[in-house]
Number of protein chains: 2
Amino acid sequence: MSTKASKLNFEKPLTTVDIVVFSLLENKLNVLLIKRNEDESEPYPNQWALVGGFVDVMKDENLEATARRKLLEKTGVKTAYLEQLASWGNSNRDPRGWSTTHVYFSTLAINDIQTPSSGANASDAQWFDVIDNGVATTLAFDHANILATAIHRLRSKVEYTSLPAFLMPEFFTLKELQNAYEAVLARPLEKSSFRTRMLSTDLLEATPNYKEAANRPAQLYRLKSKIDPVFFQRTFNPIK
Amino acid sequence: MSTKASKLNFEKPLTTVDIVVFSLLENKLNVLLIKRNEDESEPYPNQWALVGGFVDVMKDENLEATARRKLLEKTGVKTAYLEQLASWGNSNRDPRGWSTTHVYFSTLAINDIQTPSSGANASDAQWFDVIDNGVATTLAFDHANILATAIHRLRSKVEYTSLPAFLMPEFFTLKELQNAYEAVLARPLEKSSFRTRMLSTDLLEATPNYKEAANRPAQLYRLKSKIDPVFFQRTFNPIK
DNA sequence: ATTGCTTAGTTGTATAGTGCAACTAACTTA
DNA sequence: TAAGTTAGTTGCACTATACAACTAAGCAAT
């Protein structure tokens, strides 16, 4: 690093953190978006954007702390699966100048979410159905691109991990878990191999309870770890 | 973003880009490190660090441009496989203040590298053998941690991609490619399944030429694409 | 109570990519 | 011509998957 750099008297880029918050609503993959305020002096007024904000160098110890602070503010969720996605930074993504964002993604269990409208200032948070590689609305900044990358990463990882399990409530049946997988992947999976896969690892714990329905009751399971996903050895389908 | 934020009158973190540059030297995985200068007014004087530096908001259009600029400065390589690894940012990784780094990793073909000593100011660049999860020297900042993460990511991806192919010269034999895989993974692979895997995809192009030796000549291959790695359907070994 | 319907869960067979071991092929050197 | 070395192939076992047909457990209607 040059002497010039060491004096730090050069322009620094803006530093933000964004979180792509996924959940399952009515068995469909959803993403949480925030409506930006109407102040015309800020970029993209009134437009939908990912959850996120500036790093607060006084409050935040590290980037993940910024992400968790924002997640808590907008969803009321204290602990959740949170994984770094990637970072973006260039001269034109924010009209205010050279800007970087460190992007995380999170998969929230349905029952853990406090309705976005509950927090102060959060009435502009709303869940959007994920359709193909995005949502049915325009997004601020380069957030459409970031969201597409997050969806792609999520779908890729779902092929060989247990990530959708983090979208489930405390107790769930194998069929419900399969539904979650299918909602994320947007394609059907085969029942028997799905069950074999899920039960072949240390992912689930069977409970003695059954979910009653208008037909054969289904055994209820729970996650052994709400933090660590399980990795499978193969992806789901053969090449089509 | 708050009104306070919109005025941008708050302290911004430092923004750097680091690149973990991998190559194969004498059939061993190596990483390129730079010796920081002896100016005591800068952090970690005389210590080894990853290739990297501050984002230059005047010169660099985006983060990858910063990475490629640094890569060119230190290795003379203009085009190389470059993938984003992750980002780090916290209040204590740099004594100068809250600091973030966007980290990339690169796999360089042996013959593409101009000796580090060739560039101006680059005489302090040196290749280090990768041993276990690091190198046999102390690193500046949190670079030992970053390097360990990069090695881990590289090894993980090598289990199901063609990444080591980017470490090869223009023409190579299947045995040489297998040696590269084994150097990265630090474990032996089985010959026949390795060959089947490599030839089952669109990765390689057979040439009519053979590498002559003191015994049976080996067919020479070349990469079909020097940019896109191939993804295989499974990882290499069964669970041990 | 029996039949039919629905959903949960199992079983048997085929397939594909891998690991393993033994084999053949091509070349050099003595 | 034989021995040694490395390249490359072949056959068989193994395992996780896909697919299809099956059984199991509940409800509702008759």
Side-chain angles (χ1 to χ4, degrees), chain A residues 27 156-162 164 168 171-182 185 187-222 230-240, chain B residues 27 156-162 164 168 171-182 185 187-222 230-240:
Chain A
N27 209 33
S156 299
K157 288 200 81 164
V158 164
E159 294 282 352
Y160 60 95
T161 69
S162 64
M168 306 307 292
F171 300 100
F172 52 88
T173 69
L174 283 177
K175 176 62 174 173
E176 289 167 344
L177 182 57
Q178 184 176 342
N179 288 342
Y181 266 85
E182 293 174 342
L185 290 173
R187 78 163 191 269
L189 295 174
E190 201 278 324
K191 179 171 56 170
S192 79
S193 46
F194 179 83
R195 298 174 67 92
T196 305
R197 170 183 281 218
M198 292 305 135
L199 298 176
S200 72
T201 60
D202 212 33
L203 176 65
L204 302 176
E205 189 170 53
T207 76
N209 304 318
Y210 286 76
K211 177 168 186 167
E212 306 295 336
N215 37 52
R216 179 173 174 170
Q219 186 153 28
L220 286 165
Y221 291 83
R222 67 192 304 173
V230 164
F231 289 76
F232 304 106
Q233 291 171 51
R234 302 191 193 171
T235 56
F236 264 114
N237 270 3
I239 299 167
K240 283 141 298 201
Chain B
N27 210 32
S156 299
K157 288 200 79 164
V158 164
E159 295 281 353
Y160 61 95
T161 68
S162 64
M168 306 307 292
F171 300 100
F172 52 88
T173 69
L174 283 177
K175 177 63 175 172
E176 289 167 344
L177 181 57
Q178 183 176 344
N179 288 340
Y181 267 85
E182 293 175 342
L185 289 173
R187 78 162 190 271
L189 295 175
E190 201 278 325
K191 178 170 58 167
S192 79
S193 45
F194 178 82
R195 300 175 66 92
T196 305
R197 171 182 280 217
M198 292 305 135
L199 298 176
S200 71
T201 59
D202 212 32
L203 176 66
L204 302 176
E205 189 170 52
T207 75
N209 303 318
Y210 286 76
K211 177 167 187 168
E212 307 293 339
N215 38 52
R216 178 172 174 170
Q219 185 154 28
L220 287 164
Y221 292 83
R222 68 191 304 173
V230 164
F231 289 76
F232 305 106
Q233 290 171 52
R234 301 191 194 171
T235 56
F236 265 113
N237 270 6
I239 299 166
K240 282 146 298 206

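All chains are named by letter (A, B, ...) in the order of the sequence lines, taking the proteins before the strands, and each is independently numbered beginning at 1. Just so we're clear, the structure is a prediction, and the values are computed from it rather than from any experiment.
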Can you measure [X] atom [atom1] to [N] atom [atom2] for me and round it to whole angstrom units?
X      : N      : atom1 : atom2 : value
B:Q178 : D:dT6  : CD    : P     : 14 Å
B:E176 : D:dT6  : CD    : P     : 14 Å
B:K211 : D:dG8  : NZ    : P     : 12 Å
A:R195 : D:dC19 : CZ    : P     : 18 Å
A:L199 : C:dA8  : CG    : C1'   : 13 Å
A:F232 : C:dT18 : CZ    : C1'   : 20 Å
A:Y210 : D:dA25 : OH    : P     : 9 Å
B:E159 : C:dT18 : CD    : P     : 11 Å

Item to check | Shortest side-chain distance from B:K191, nucleotide among C:dG9, C:dG19, D:dA7 | outcome: D:dA7
Checklist entry - What distance do B:M198 atom CE and B:L177 atom CG have between them, rounded to the nearest 0.5 Å? => result 5.5 Å
Which protein N or O atoms sit under 3.5 Å from an N or O of nucleotides 14-16 of chain D?
{"unit_1": "D:dT15", "atom_1": "O2", "unit_2": "A:R234", "atom_2": "NH2", "d": "3.1"}
{"unit_1": "D:dA16", "atom_1": "O4'", "unit_2": "A:R234", "atom_2": "NE", "d": "3.4"}
{"unit_1": "D:dA16", "atom_1": "O4'", "unit_2": "A:R234", "atom_2": "NH1", "d": "3.4"}
{"unit_1": "D:dA16", "atom_1": "O4'", "unit_2": "A:R234", "atom_2": "NH2", "d": "2.9"}
{"unit_1": "D:dA16", "atom_1": "N3", "unit_2": "A:R234", "atom_2": "NH1", "d": "3.0"}

Checklist entry - Side-chain contact, heavy-atom cut-off 4.5 Å: A:F236 with A:L185? => result yes
Checklist entry - Side chains of B:R197 and B:R234: does their closest heavy-atom pair fall under 4.5 Å? => result yes
Next on the checklist: Among residues at least two apart in sequence or on other chains, which ones pass side-chain contact (heavy atoms from CB on, under 4.5 Å) with A:N27?
Outcome noted: A:L24, A:N179
Item to check | Residue list, side-chain contact (heavy atoms from CB on, under 4.5 Å) with B:T161, at least two apart or on another chain | outcome: B:K157, B:L163, B:F231
Next on the checklist: A:R222: which residues meet the salt bridge (charged side-chain N to carboxylate O under 4.0 Å, His left out) condition with it, sequence neighbours left out?
Outcome noted: A:E170
Item to check | Pairing residues for A:K175 by the salt bridge (charged side-chain N to carboxylate O under 4.0 Å, His left out) criterion, not counting sequence neighbours | outcome: none
Contacts table for residues 202-211 of chain A: side-chain donor-acceptor under 3.5 angstrom, sequence neighbours left out:
{"unit_1": "A:D202", "atom_1": "OD1", "unit_2": "A:K224", "atom_2": "NZ", "d": "2.8"}
{"unit_1": "A:T207", "atom_1": "OG1", "unit_2": "A:N209", "atom_2": "N", "d": "3.2"}
{"unit_1": "A:T207", "atom_1": "OG1", "unit_2": "A:L220", "atom_2": "O", "d": "2.8"}
{"unit_1": "A:K211", "atom_1": "NZ", "unit_2": "A:E176", "atom_2": "OE2", "d": "2.4"}

Item to check | Under the side-chain hydrogen bond (donor to acceptor under 3.5 Å, both in side chains) test, residues paired with A:S192 that sit two or more places apart | outcome: A:E190
Checklist entry - Contact class for A:K175 (heavy atom, under 4.0 Å): base, sugar-phosphate, or nothing? => result sugar-phosphate
Checklist entry - So, the side chain of A:E182 versus the backbone of A:L189: is there a donor-acceptor pair under 3.5 Å, distance only? => result yes
Next on the checklist: Test of understanding: with ring-ring contact (aromatic ring centres under 6.0 Å, His included), list the residues that count as partners of B:F194, not counting sequence neighbours.
Outcome noted: B:Y181
Measure all distances between protein nitrogen or oxygen atoms and nitrogen or oxygen atoms of nucleotides 10-13 of chain D, and list the pairs falling under 3.5 Å.
{"unit_1": "D:dT10", "atom_1": "O4", "unit_2": "B:S192", "atom_2": "OG", "d": "3.4"}

Checklist entry - Which of residues 212-220 of chain A have a heavy atom under 4.0 Å from DNA chain C? => result A:N215, A:R216, A:P217, A:A218, A:Q219
